[in-house]
Amino acid sequence: MSTDYRIVVLLSGSGTTLQSIIDAKLPANIVAVISNKPNVRGLSRAQEAGIPAHVLDHTTFPSRQDFDLELQTLIDQQRPDLVVLAGFMRILSDDFVHHYYGRLINIHPSLLPKYKGTHTHQRVMDDGDPLHGSSVHFVNTELDSGPILLQARLPVLATDSVESLELRVKVKEHLIYPTAISWLAKGRIKLKDDAIYMDGKKMPGPVVMDYM
Ligand code: GAR
């Protein structure tokens, strides 16, 4: 379905998250995909779906600020309602984050606020944590710390390896991210003073989808 709601997706890698958003046939238009790395699978997935794909190689910029400014210019040319980070493995500068306040979301593979940063699956296993999952959150200037909209929660199995755990988390990510984006596209979600409102009511905490 194609509507007036415009999404720009930023990624750095294989793009399975992008693929889940494409496949969900949301009431939204993915108007551009931008990668900070050339030749990644996420770019060819966009092209296969007929979505304009852009590369902005961060290694060719003298500083983070220069890269972020150019990225912002490219994004704003697309006039997006929502900017979706889908495996975009770059820290964004404060100015960039402020510019997109309330319309910049991320998916992070942990039950935030636990396991911010990288190697989340390995760290969950190392800690013997019985639970793991993924979180869809608005982006603020602190790493992996913005208001959380939706989480998928699942058990860590005795038989899990880091790879199997990552795969099981990803399967759930591919359900919750399109769900969260569809809520936003339908205008059901608003962010105000770092509080999330759903259907006009302040949310007491994230919606949690349990896959126990
Ligand atoms: C996803 O698991 C996503 O949660 C994670 O990267 C993966 C992207 O997969 N994001 C982060 O770690 C952000 N901090 P993909 O490249 O196959 O879409």
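Indexing begins at 1, ligand by ligand and atom by atom, following the structure's order.
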Visitor: Out of all atoms in ligand 1, which are within 4.0 Å of some heavy atom of G87? Include the element for each.
Guide: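 So the answer, numbered in order with elements, is 6 (O), 8 (C).
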
Visitor: Report yes if some N/O of D144 lies less than 3.5 Å from some N/O of ligand 1; otherwise report no.
Guide: no

Visitor: Kindly assign one of parallel, tilted or perpendicular to the pair F88 and F67, based on the angle between their ring planes and the thresholds 30° and 60°.
Guide: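 Geometry flag for F67 against F88: parallel rings.
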
Visitor: Group every Ile, Leu, Val, Met, Phe, Trp and Tyr by side-chain heavy-atom contacts under 4.5 Å, then state whether L85 and I196 land in the same group.
Guide: no

Visitor: Kindly give the heavy-atom pair with the smallest separation between R45 and I22, and that separation in Å.
Guide: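 Closest approach of R45 to I22: O-CD1, 4.2 Å.
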
Visitor: Testing the 3.5 Å rule here: is there a donor-acceptor pair between the side chains of D23 and S20?
Guide: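 Note: D23 and S20 side chains miss the donor-acceptor criterion.
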
Visitor: Look only at interatomic distance and state if N106 has a nitrogen or oxygen under 3.5 Å from any nitrogen or oxygen of ligand 1.
Guide: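 N/O-N/O distance below 3.5 Å does not exist for this pair.
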
Visitor: Count the heavy atoms of every other residue, nucleotide or ligand shown that sit under 6.0 Å from CG of N39, and state whether that count exceeds 12.
Guide: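 No, the 6.0 Å shell around CG holds no more than 12 heavy atoms from other groups.
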
Visitor: Can you list the steps and then say if D129 with Y115 is a side-chain hydrogen bond (donor to acceptor under 3.5 Å, both in side chains)?
Guide: CA-CA 11 Å; D129 202 320; Y115 305 106; 3.1 Å; yes

Visitor: Say whether M89, considering both its backbone and side-chain N or O atoms, lies within less than 3.5 Å of an N or O atom on ligand 1.
Guide: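 No, M89 has no N/O under 3.5 Å of an N/O on ligand 1.
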
Visitor: Nearest to atom 3 (C) of ligand 1 by heavy atom, E173, H174, H119: which?
Guide: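 Nearest heavy atom to atom 3 (C) of ligand 1 lies in E173.
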
Visitor: For atom 10 (N) of ligand 1, which candidate among L167, T120, I107, V136 holds the nearest heavy atom?
Guide: I107

Visitor: Just checking, K172 and Y211: is the charged tip under 6.0 Å from the six-membered ring centre and within 45° of the axis?
Guide: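 Yes, K172 and Y211 form such a contact.
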
Visitor: Please report the shortest heavy-atom distance between I30 and V33, naming the atom on each side.
Guide: CG2-CG2, 4.2 Å

Visitor: Could you say whether the N/O atoms of S14 and ligand 1 ever approach to under 3.5 Å?
Guide: yes

Visitor: Where is the nearest protein heavy atom to atom 14 (N) of ligand 1: which residue, which atom, and how far?
Guide: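 Here the nearest protein heavy atom works out to H108 ND1, 3.3 Å.
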
Visitor: Could you name the option among G15, P109, G117 that has the heavy atom nearest to atom 11 (C) of ligand 1?
Guide: P109

Visitor: Should the proximity of E166 to ligand 1, defined as any heavy atom under 4.0 Å, be assigned to the side chain, the backbone, both, or neither?
Guide: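 Neither; nothing of E166 gets under 4.0 Å from ligand 1.
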
Visitor: For atom 18 (O) of ligand 1, which protein heavy atom lies nearest, and how many Å away is it?
Guide: T17 OG1, 2.5 Å

Visitor: Could you list which atoms of ligand 1 come closer than 4.0 Å to a heavy atom of K170?
Guide: 2 (O), 9 (O), 15 (P), 17 (O)

